[in-house]
4 protein chains.
Amino acid sequence: MNKREVQASVKDERLVQKRRDQMIKGAVQLFKEKGFHRTTTREIAKAAGFSIGTLYEYIRTKEDVLYLVCDSIYDHVSERLQQDLELKKGTLESLQLGITNFFQVMDEMQAEVLVMYQEVKSLTKDALPYVLKKEMQMVGMFESLLRKCVENGELVLSEKQIKMIAHNIFVQGQMWGFRRWALRKLYTLDEYIELQTELILAGLSQYQPQKE
Amino acid sequence: MNKREVQASVKDERLVQKRRDQMIKGAVQLFKEKGFHRTTTREIAKAAGFSIGTLYEYIRTKEDVLYLVCDSIYDHVSERLQQDLELKKGTLESLQLGITNFFQVMDEMQAEVLVMYQEVKSLTKDALPYVLKKEMQMVGMFESLLRKCVENGELVLSEKQIKMIAHNIFVQGQMWGFRRWALRKLYTLDEYIELQTELILAGLSQYQPQKE
Amino acid sequence: MNKREVQASVKDERLVQKRRDQMIKGAVQLFKEKGFHRTTTREIAKAAGFSIGTLYEYIRTKEDVLYLVCDSIYDHVSERLQQDLELKKGTLESLQLGITNFFQVMDEMQAEVLVMYQEVKSLTKDALPYVLKKEMQMVGMFESLLRKCVENGELVLSEKQIKMIAHNIFVQGQMWGFRRWALRKLYTLDEYIELQTELILAGLSQYQPQKE
Amino acid sequence: MNKREVQASVKDERLVQKRRDQMIKGAVQLFKEKGFHRTTTREIAKAAGFSIGTLYEYIRTKEDVLYLVCDSIYDHVSERLQQDLELKKGTLESLQLGITNFFQVMDEMQAEVLVMYQEVKSLTKDALPYVLKKEMQMVGMFESLLRKCVENGELVLSEKQIKMIAHNIFVQGQMWGFRRWALRKLYTLDEYIELQTELILAGLSQYQPQKE
DNA sequence: TATGAATGAGGGTTCATTCAT
DNA sequence: GATGAATGAACCCTCATTCAT
């Protein structure tokens, strides 16, 4: 259940990928501006650079576009993070680095994140689980980071605490995207990153084993 | 700019209020189930207990309903919180109490919060500022609480830190509503409250003035 | 299962009947000219004298129109025949009268019969049985007529023969409608009726009991 | 006006015939299942075993397919009958044989007959005459049979009667195909043939010259 | 000759909004 | 004030047909 296949009439896999990329790019922009429901399939087709007929050669329903958009965003974010998190050393520094990285990705993909964030609930029962699973995988990355630190003796945390903190980090990352109307007035990205990591680590310092 | 007037054809203010309450009550339920866009004005009218014609005697457009719903939810939440926060004593205990209270309200009004949370973005440029302002007021409540603690010498925090923490608390409250699909599997409400307040206060302990 | 209810949004039963009559009248004409598939719902609405929106206040799908048309035609034909056949005396003369009457109705309702005849198969599995049942009822009328003659001692026919002849009469009636492109060149209605009844009765004369 | 040429881009006549045969075979099946209008050109191409592009190398419009199908069916039926009717001896026995044969062909080609029968009306004014002419030719076969009998002194019938009976036979043959939903429940093919020929001949017996 | 991606007119249907009663 | 029938713009999607390869 790793992917929900979206059926295409066109056979050439390469072409399908290319067209869908065009489609997603156009759709993200539109969804960001007007939301999924206020965007018409014709607009999506136009933004993608082809006709409405062609659009439907690559998807089955309008909702497929939303799914593809969400799916693609998660993939991009995941990919970006995976690279950095691969070298998870289990130190507080590497945790800090991971958080910083994540917040930066959230900033770069601000438009996409906003869209996904606001529109996931428009997915039907059919497609939703696939997307939520991906979200859990991303939260899972931070859980790993934290768990590594615990294993390493850098932190003393229960499983429940690990999961809670991972959720918090994840949501704070998204927050920078979806509450930017408020946050941008108060902080630069760097300030935001600094303040939040500081707070997180300050909280964690309580849970560090006492060293003499 | 405290209220955006929604025009009604009917003059009797009492009646207007009554009808709108019916309307909001029905709409919240519907929006929760199917979202704003998938809900029709006819359905709203029916759920409110009157005809489509009557509905339009009390609003101008479908979006007015959404605005009224959002507005009403914020009012309810604010009201609920105001009561408790009035007696803000500027101690860490009262802060903890405030957080606990807020999370509990978020749990009780889960449906409403979810709706508002998911659908604010459907408001047009016209109505959005009024709603966002209310949100800022709620964040402001936590800022006050924190500021009181600082004034009281219980905490040492910069203005920026205060605002950041207030935001975090607010979003973590919402989180219990909009990420409940994930959180409910991991925690009971009480556990969630305990874990989160613990983490927040742990973080803040770093910022407590050294007392000898 | 005598009627398949077609849902209407409008409550007023009288109005529903009135609008549907307009609708059916317009649709018959259009279906006759271009067939069910080539007729658009917009054309039907226009022919009926109201807007497309109004059309859909009285039906749910385009197919509903076809069902209503078929249903109405059968009802009209049945009604017309019932009157005449009520006084079925079980004589060959009354049989002859029945046939003549039926052929005349088929001529009068030529447009409707043609339409129904050609488009029934466009009905989905859902609606088809209701219509076919009505057709069997009409065939049944002729069976009754014949059976009466047998009971009366005017004819000696097996059940199978009765059913066969009833079918033949029915189809010959329709034939005048759907093969009129060929038959009209050869016969007037009266000639057609005369020739066919003559042939039928000639055939039946074989089955008359020998009277001395 | 014996054939309405359907234009093909491909020159090789042999190939044209081959491709069209594939096409017709696939189309008959599809038309039988879903009717002409509900069948797409893509489906026809696929059923025929080649691409949509290729399909259009051998026809000009979708309707051409229908014409080719109808045309081919008539040709097949005609051919089947011609063989048997060639040796028309002008006796009642040979008439009976002809009828039996025809009904059997109608049964064998049930699918095709049903299709043609239901879809001819979908032909445009342009192609219709060609098909109707073929139908008249088939009716004409029975006219010949009957006329032979008259010439032979086996029957005494007017021209009008001959034509009427020929029509009846023809329609009764089709009836076995298009009313099989009702008839199949009542009769086997053999019973049907027996009953119908019996009735026809019984009718004709009235018109036999009195022999002493 | 064969392919299949591209096109876009047009079809069925919905639904916010109005207005006569 | 209340009703609900009427409206039609606009939406999603299909599919016959074309044309570059």
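Residue numbering restarts at 1 for every chain, and letters A, B, ... go by the order of the sequence lines.
- Distance from the side chain of C:T54 is smallest to F:dA6 among F:dA2, F:dA6, F:dC12.
- Comparing E:dG12, F:dT7, F:dC12 by their nearest atom to the side chain of C:R42 picks out E:dG12.
- Residue C:F36 contributes atom CZ, which lies 8 Å from atom P of E:dG12 at whole-angstrom precision.
- Going from atom CZ of D:R14 over to atom P of E:dT1 covers 14 Å, rounded to whole Å.
- Under 4.0 Å is where a charged nitrogen must lie from a carboxylate oxygen, and between D:R4 and D:D126 at least one such pair does.
- Taking a 6.0 Å sphere around NZ of B:K34, one finds it holds more than 12 heavy atoms contributed by other residues, nucleotides or ligands.
- The aromatic rings of B:H37 and A:H37 sit parallel to each other, their planes meeting at less than 30°, with 60° as the upper class boundary.
- The existence of a salt bridge linking D:R19 and D:E57 is excluded, since no basic side-chain nitrogen approaches an acidic carboxylate oxygen closer than 4.0 Å.
- The side chain of C:R19 approaches F:dA6 more closely than any other nucleotide in the set F:dA6, E:dT13, F:dC12.
- Under 4.0 angstrom from either OP1 or OP2 of F:dA2 there lies at least one side-chain N or O belonging to B:Y58.
- Mapping D:S9 and D:I52 onto DNA chain E by nearest heavy atom places D:S9 closer to the 5' end of the strand.
- When the nucleotides F:dC13, E:dT7, F:dA2 are ranked by their closest atom to the side chain of A:E57, E:dT7 comes out on top.
- In this structure, the CD atom of B:E43 is 12 Å from the P atom of E:dT14, given to the nearest Å.
- Across all strands shown, E:dT13 is found opposite F:dA10 as a Watson-Crick or G-U wobble partner, with both distances under 3.5 Å.
- Spacing between atom CD1 of B:I59 and atom P of E:dA16 amounts to 10 Å, rounded to whole angstrom units.
- Atoms CZ (C:R38) and P (E:dA9) sit 20 Å apart, rounded to a whole Å.
- For D:L30 and F:dC15, the CG to C1' distance is 15 Å, given to the nearest whole Å.
- The cationic group of B:K121 does not satisfy the cation-pi geometry with A:F178, failing either the under 6.0 Å distance to the six-membered ring centre or the 45° limit from the ring axis.
- The partner of E:dT21 is F:dA2, judged by Watson-Crick or G-U wobble contacts that both fall below 3.5 Å.
- Neither side chain, D:Q17 nor D:E13, offers a donor N or O lying under 3.5 Å from an acceptor on the other.
- Residue-level contact check: B:S51 touches the bases, meaning some heavy atom is under 4.0 Å from a base atom.
- Set against F:dA5, E:dT1, F:dC13, the side chain of A:Y56 has F:dC13 as its closest nucleotide.
- Checking E:dA6, E:dT13, E:dA16 against the side-chain heavy atoms of C:T41 singles out E:dT13 as nearest.
- Across the interface with DNA chain E, nearest-nucleotide mapping of D:G49 and C:T61 shows D:G49 to be the residue nearer the 5′ end.
- Looking at which nucleotide of DNA chain F each of A:H37 and B:K11 is closest to, the 5′-most match is held by B:K11.
- E:dT7 atom P lies 9 Å from atom CZ of A:F50, rounded to whole Å.
- Atom pair B:L55:CG and F:dG4:P shows a separation of 13 Å (rounding to whole Å applied).
- Closest-nucleotide positions on DNA chain F for A:G53 and C:V10 were compared, and the one nearer the 5' end corresponds to C:V10.
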